[in-house]
J.: 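My questions all concern the structure below.
Here the structure is a predicted model, which means the values were calculated and not measured.
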Amino acid sequence: MDEPCSALDPIATAKVEELIFALRGNYTVVIVTHNMQQAARVSDYTAFMYLGRLIEYGPTNTLFVTPHLKETEAYITGSSGNR
């Protein structure tokens with residue numbers, strides 16, 4: 001899913017996220033999003049990509065709480081990535 005909730009209101013977003021949770025028991029669901037809050041809510045694993053390169057991949061909680069790379073931390077904290 002590419003930006004599945006980018007132009008949706010909170011109620012519609014919640015419905016899409018409910019669908020993701022329902023599907024994940026039987027399917028691998030991959031979403032692409034710039035909404036880090038949504039990524040943290042709905043994913044088990046997260047990949048951080050920047051300029052077409054995979055920078056870091058791992059369990060979502062690890063990536064958001066204790067990323068291994070300074071580039072990932074800088075993007076998550078908002079101190080880089082908007083060039």
J.: Decide yes or no for Y50 and E71: does some side-chain heavy atom of the first lie under 4.5 Å from some side-chain heavy atom of the second?
T.: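 Sidechains of E71 and Y50: no contact.
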
J.: Using atom types as modelled and distance alone, determine if a side-chain donor or acceptor of T60 lies under 3.5 Å from a backbone N or O of A40.
T.: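 Answer holds: no.
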
J.: Taking only residues two or more places apart in sequence or in another chain, which ones pass side-chain contact (heavy atoms from CB on, under 4.5 Å) with V32?
T.: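 In terms of side-chain contact (heavy atoms from CB on, under 4.5 Å), with neighbours along the sequence ignored, V32 is linked to D2.
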
J.: Do T46 and Y57 make a side-chain contact, defined as non-hydrogen atoms from C-beta onward lying under 4.5 Å apart?
T.: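 They are not in side-chain contact.
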
J.: Once you round to the nearest 0.5 Å, how far does CD1 of I55 lie from CG of L69?
T.: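 Result: 7.5 Å between the selected atoms.
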
J.: Would you say I76 ends up clustered with V42 if hydrophobic residues are merged whenever their side chains have heavy atoms under 4.5 Å apart, either directly or through other cluster members?
T.: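 Unlinked, V42 and I76 end up in two clusters.
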
J.: When you group the ILVMFWY residues by side-chain heavy-atom contacts below 4.5 Å and let the links chain together, are Y27 and M1 in the same group?
T.: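 Yes, same cluster.
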
J.: Answer whether the closest heavy-atom distance between the side chains of T66 and E73 falls below 4.5 Å.
T.: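 They are not in contact (no side-chain heavy atoms under 4.5 Å apart), so the answer is no.
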
J.: Nearest heavy-atom pair of E56 and L63: which atoms, and what distance?
T.: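 Smallest heavy-atom distance, with atoms named: CG-CD1, 3.4 Å.
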
J.: Output all residues satisfying side-chain hydrogen bond (donor to acceptor under 3.5 Å, both in side chains) with S6, sequence neighbours left out; order by chain, then residue number.
T.: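 With neighbours one apart ignored, the set is empty.
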
J.: Is there a path of hydrophobic side-chain contacts, each under 4.5 Å between heavy atoms of I, L, V, M, F, W or Y residues, that connects I20 with L8?
T.: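 In one cluster: yes.
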
J.: Which pair of non-hydrogen atoms, one from F64 and one from A39, has the smallest distance, and what is that distance?
T.: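 Minimum heavy-atom separation between F64 and A39: CZ-CB, 4.1 Å.
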
J.: Report yes or no: do L51 and L54 belong to one cluster of Ile/Leu/Val/Met/Phe/Trp/Tyr joined by side chain heavy-atom distances under 4.5 Å?
T.: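 No, no single cluster joins them.
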
J.: Consider only side-chain heavy atoms of I, L, V, M, F, W and Y, link residues closer than 4.5 Å, and tell whether I31 and L19 are in one cluster.
T.: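 Same cluster.
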
J.: Once rounded to the nearest 0.5 Å, what's the spacing between atom CG of N61 and atom CG of D44?
T.: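 That separation rounds to 11.0 Å.
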
J.: Given the side-chain rings of Y75 and F48, with only the six-membered ring counted for Trp, is the space between their centroids under 6.0 Å?
T.: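 Judged by ring-centre distance (under 6.0 Å), Y75 and F48 do meet the cut-off.
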
J.: CZ of F21: more than 12 outside heavy atoms within 6.0 angstrom?
T.: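 Yes, because the 6.0 Å sphere around CZ of F21 holds more than 12 heavy atoms from other groups.
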
J.: Name all pairs fulfilling the side chain to side chain donor-acceptor pair (under 3.5 Å) condition that reach into residues 9-23, sequence neighbours left out, sorted by first residue then second.
T.: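 Qualifying pairs: E17-Q38, E17-R41.
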
J.: Is the count of non-hydrogen atoms from other residues, nucleotides or ligands lying under 6.0 Å from I11 atom CD1 greater than 12?
T.: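 No, not enclosed.
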
